[in-house]
Amino acid sequence: MLDLRRLRQEPERIRAALQAKGSIASLERVLELDATVRKATFDTDNLRAEKNALTEKLAHGGLAGEGAAGLRQSVKDLNGRLKTAEETLRSEKEELDRLVLWLPNIPHESVPLGGGPEGNVVVRTWGEQPSFAFTPAPHWDLGAAMGILDPRRAARISGSNFPLFSGDGALLVRGLITFMLDLHTTEHGYREHWVPYLVNRDAMTGTGQLPKMEEDMYVSADPELFLIPTGEVPLTNLWREEIIPEERLPVRMVGYTPCFRKEAGAYGKETRGLNRVHQFDKVELVKLVEPHQSYDELESLVADAEEVLQRLELPYRVVSLCTGDLSFSAAKCYDLEVWAAGQQRWLEVSSCSNFEDFQARRMGIRYRPRAGGKPQLVHTLNGSGLALPRIIAALIENGQTAEGMVQLPEPLWPYLRGRRSLGPQGENQGSTTEG
RNA sequence: GGAGAGGUGGCCGAGAGGCUAAAGGCGCUGGUUUGCUAAACCAGUGUAGGGGAAACUCUACCGGGGGUUCGAAUCCCCCCCUCUCCGCCA
């Protein structure tokens, strides 16, 4: 949520910034409503002050005093006027509150200008793209051949684009999750949380998924409970409406969650296999920090996510999203894209964003400065550390051998009961300790 | 699911129609005292919004929403949450 005061003070800057993001939505109406709401607030406050003065007089002058009946009548008259004033105020306020939620965050000055994905800037690349003496296969062919991916059965029980990992595939998922959690908790200083996967409307609104993304979310039979599209939602909302002592900042959290997304309308070759699925697993990093540190913290958050890719020996590049490609709530965002040799494509596996105070204002997450004084809004950041399906796609495609095996990077071995590679397996085959 | 008890400031906790932004305590900030540390004493210390150059002032807020009343943290109704006990269940 944008700061209304700032919007009022520098509407031209905000208008320009929102245009860069490709959405000025209802900015003009918001500005107009802000003025009328403030006027209406002033009027009703004055009426209430008047009323309070009268009732106080009544209390102190004795309820049976000579003027009491007259006073009582004046208060009743005032109440009539107050009621209309309050109703006007309420309806204007409601519209304002509703519209403000549709205004996206404004981009940071360091964000490259651009209208869409073509305007994104590659900041750096890491690792060598593997070369093969044969034509590397995409993961959907390999995975099915190896018996670790089973889209046909997944479709039968859920529908298209739901993942089903079997045998060593399931072991790989579980191992990756633990590997990532261990790295972030023991080496990067994040505290792990195991969180609810269904959250209420307030939580979804707090991180900015609502109202804009409602049609992309799964709703439970209880219309107020949504399946989370990312662990960012429960993790960040852990702190909603709290005032955190400055000494406790930065708060660093990590959590594993499944993520659920309708991804309506997304079909085609770009969405084959594990490229885009309705349910996936993700280890999420979230930070709450002091405002002046948030951009440094963004860089270190990206580094923490990159570390996972480096240990997995997966070539990747870091992309700074341009103004037109930034998500609704982000002020700045880096995507990490991993190279998938079988598809000859870069696949997004992480989005690391600084939301500045946009989410914190919605959630009421503040900190109390050590030096005393008013509570201030924190800045919130998050990033995937990392999303699993495309990592698995890249591991399979980049690690494939001419024999139809998949070699795994060393840091993963202990998480896979010592296995160093994955190979074809039968329906009832368990995993052995030898690769 | 049933019964009971609760939800008040950063935290704990009193208050049971007007004298309450709300006692008291803790914490925090400043001061006095003090070989150091600690302690003691004194003072200050809620959030949000409006008006004002400022001093200051007005309004709202005691889980959420309605209602009664000239007036509600306090009375009534609905909902949410927490705790205890019982039931049910992976």
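Labels below follow one simple rule: chain letters A, B, ... track the order of the sequence lines, proteins then strands, and each chain is numbered from 1. Here the structure is a predicted model, which is why all the values come from computation and not from measurement.
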A:S329 versus A:N105, side-chain donor and acceptor atoms under 3.5 Å: no
Nearest-angstrom distance from the residue atom [atom1] of [X] to [atom2] of [N]:
{"X": "A:Q376", "N": "B:A48", "atom1": "CD", "atom2": "P", "value": "9 Å"}
{"X": "A:I243", "N": "B:U45", "atom1": "CD1", "atom2": "P", "value": "17 Å"}
{"X": "A:L58", "N": "B:U69", "atom1": "CG", "atom2": "P", "value": "15 Å"}
{"X": "A:R72", "N": "B:G18", "atom1": "CZ", "atom2": "P", "value": "15 Å"}
{"X": "A:E56", "N": "B:U20", "atom1": "CD", "atom2": "P", "value": "11 Å"}
{"X": "A:R248", "N": "B:G10", "atom1": "CZ", "atom2": "P", "value": "15 Å"}
{"X": "A:K374", "N": "B:G9", "atom1": "NZ", "atom2": "P", "value": "17 Å"}

Tell me which nucleotide, if any, is Watson-Crick or G-U wobble paired with [N] when both distances must be under 3.5 Å.
{"N": "B:C11", "answer": "B:G25"}
{"N": "B:A3", "answer": "B:U84"}
{"N": "B:A38", "answer": "none"}

Sugar-phosphate only, base, or nothing, as touched by A:L71 at under 4.0 Å among non-hydrogen atoms: nothing
Sugar-phosphate only, base, or nothing, as touched by A:P375 at under 4.0 Å among non-hydrogen atoms: sugar-phosphate
[X]: what forms a ring pair (Phe, Tyr, Trp, His ring centres under 6.0 Å) with it, not counting sequence neighbours?
{"X": "A:Y415", "value": "A:F179"}
{"X": "A:H184", "value": "A:H188, A:Y190"}
{"X": "A:Y256", "value": "A:W194"}

Euclidean distance for C1', B:C62 against B:A48 (whole angstrom):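 Going atom to atom, C1' in each nucleotide, I get 15 Å.
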A:R174: partners by salt bridge (Lys or Arg N to Asp or Glu O under 4.0 Å), with sequence neighbours left out: none
Contact letters for nucleotides 49-64 of chain B, in which S counts primed atoms plus P, OP1 and OP2 and B counts the base, heavy atoms under 4.0 Å: BSS------SSS----
Check: A:H139 main-chain N/O paired with A:E397 side-chain donor or acceptor under 3.5 Å: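 Yes, the answer is positive, given that a donor and an acceptor are paired below the 3.5 Å cut-off.
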How would you list all residue pairs meeting salt bridge (Lys or Arg N to Asp or Glu O under 4.0 Å) that involve [range], not counting sequence neighbours?
{"range": "residues 93-111 of chain A", "result": "A:R29-A:E95, A:K93-A:D97"}
{"range": "residues 231-247 of chain A", "result": "A:E246-A:R370"}
{"range": "residues 186-202 of chain A", "result": "A:E187-A:R311, A:R201-A:E214, A:R201-A:E224"}

OP1 or OP2 of B:A48 under 4.0 Å from side-chain N/O of A:R366: yes
Residue-phosphate contact under 4.0 Å: A:K51 side-chain N/O, B:C70 OP1/OP2: no
Residues within residues 77-90 of chain A bordering RNA chain B, heavy-atom distance below 4.0 Å: A:N79
